[in-house]
Amino acid sequence: MTKDLLEVVYQIIVEDATILNFVEKGQIKAYASSENFDTSKPFVIIDPLGPPDSAAYASNTELSQRVIYQVNVEGPVRKDVKRIQQLIKMAFAKKKIRQIAGGLDEYFPETKRYVDARRYTVQTKLYDSGY
């Protein structure tokens, strides 16, 4: 059975009550925003930046995998966007998911939304592969 790291990352976000104080569960999706998103409220997009990659080998056997995700938080209020992204970073840190270089910190006048996009690396434990 194939395991799903994207689901693991999604569950970390939606199971955090503090994050859900700022963004509704229905406003959190993977890959792309939904037509049903209320863009007057904050929303979160979880975007894998590639397939799982081998992180550790021994005797020609894959022992661990790594995936890089970009988590985009968008909304009309800059401070809310920043707060949500900080809460996500804290929730990830509890699970040993760390932020890496890259991302975006912009205001887009055409959509009237602030975007804070950060990249995180998820590495499985040794002997945990099959993602």
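Counting only residues at least two apart or in different chains, ring pair (Phe, Tyr, Trp, His ring centres under 6.0 Å) contacts with residues 12-36 are absent. Within the structure, side-chain hydrogen bond (donor to acceptor under 3.5 Å, both in side chains) pairs that include any residue of residues 12-28 comprise E24-K41 (at least two apart or interchain). The side-chain hydrogen bond (donor to acceptor under 3.5 Å, both in side chains) contacts involving residues 94-105 comprise K82-D105, K89-Q99, where partners must be two or more places apart or lie in separate chains. Here salt bridge (charged side-chain N to carboxylate O under 4.0 Å, His left out) pairs that include residues 26-35, with residues two or more places apart or in two chains, number zero.
Judged as a salt bridge (Lys or Arg N to Asp or Glu O under 4.0 Å), and not counting sequence neighbours, R78 has no contacts. Applying the ring pair (Phe, Tyr, Trp, His ring centres under 6.0 Å) criterion to Y10, with sequence neighbours excluded, gives no partner residue. R118 pairs by the salt bridge (Lys or Arg N to Asp or Glu O under 4.0 Å) definition with D116, not counting sequence neighbours. Qualifying ring pair (Phe, Tyr, Trp, His ring centres under 6.0 Å) partners for Y107, counting only residues two or more places apart in sequence or in other chains: Y114. Residues forming a side-chain hydrogen bond (donor to acceptor under 3.5 Å, both in side chains) with D47 (at least two apart in sequence, or on another chain): none. By the side-chain hydrogen bond (donor to acceptor under 3.5 Å, both in side chains) test, R83 pairs with no residue at all, sequence neighbours left out. Residues satisfying the side-chain hydrogen bond (donor to acceptor under 3.5 Å, both in side chains) criterion with S40, sequence neighbours excluded, are D38. Listed by chain and number, the residues in a side-chain hydrogen bond (donor to acceptor under 3.5 Å, both in side chains) with Q11 are E7 (sequence neighbours excluded).
Using a 30° and 60° split on the angle between ring planes, F37 and F43 fall in the tilted class, from 30° to 60°.
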Evaluation steps, side chain to side chain contact (heavy atoms under 4.5 Å, CB included), between T39 and T111
CA-CA 9 Å; T39 57; T111 61; over 6 Å; no
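You'll find the side chain of V71 reaches within 4.5 Å of the side chain of F92, heavy atoms only. Looking at heavy atoms from C-beta onward, Y69 lies in side-chain contact with L6 at the 4.5 angstrom threshold.
Note that the OH atom of Y120 and the CD1 atom of I68 stand 13.5 Å from one another [nearest 0.5 Å]. Within the model, atoms CD1 of I19 and CD1 of I12 stand 9.5 Å from one another, a figure rounded to the nearest 0.5 Å. Rounding to the nearest 0.5 Å gives a distance of 9.5 Å between CG of N72 and CD1 of I88. Here CZ of R119 is found 4.5 Å from CD of Q70. Values are rounded to the nearest 0.5 Å.
Contact between I97 and T121 at its shortest, heavy atoms only, is CG2-O, 3.5 Å. The two residues V23 and P42 have their closest heavy-atom pair at CG2-O, 3.3 Å. Contact between V81 and V73 at its shortest, heavy atoms only, is CG1-O, 3.4 Å.
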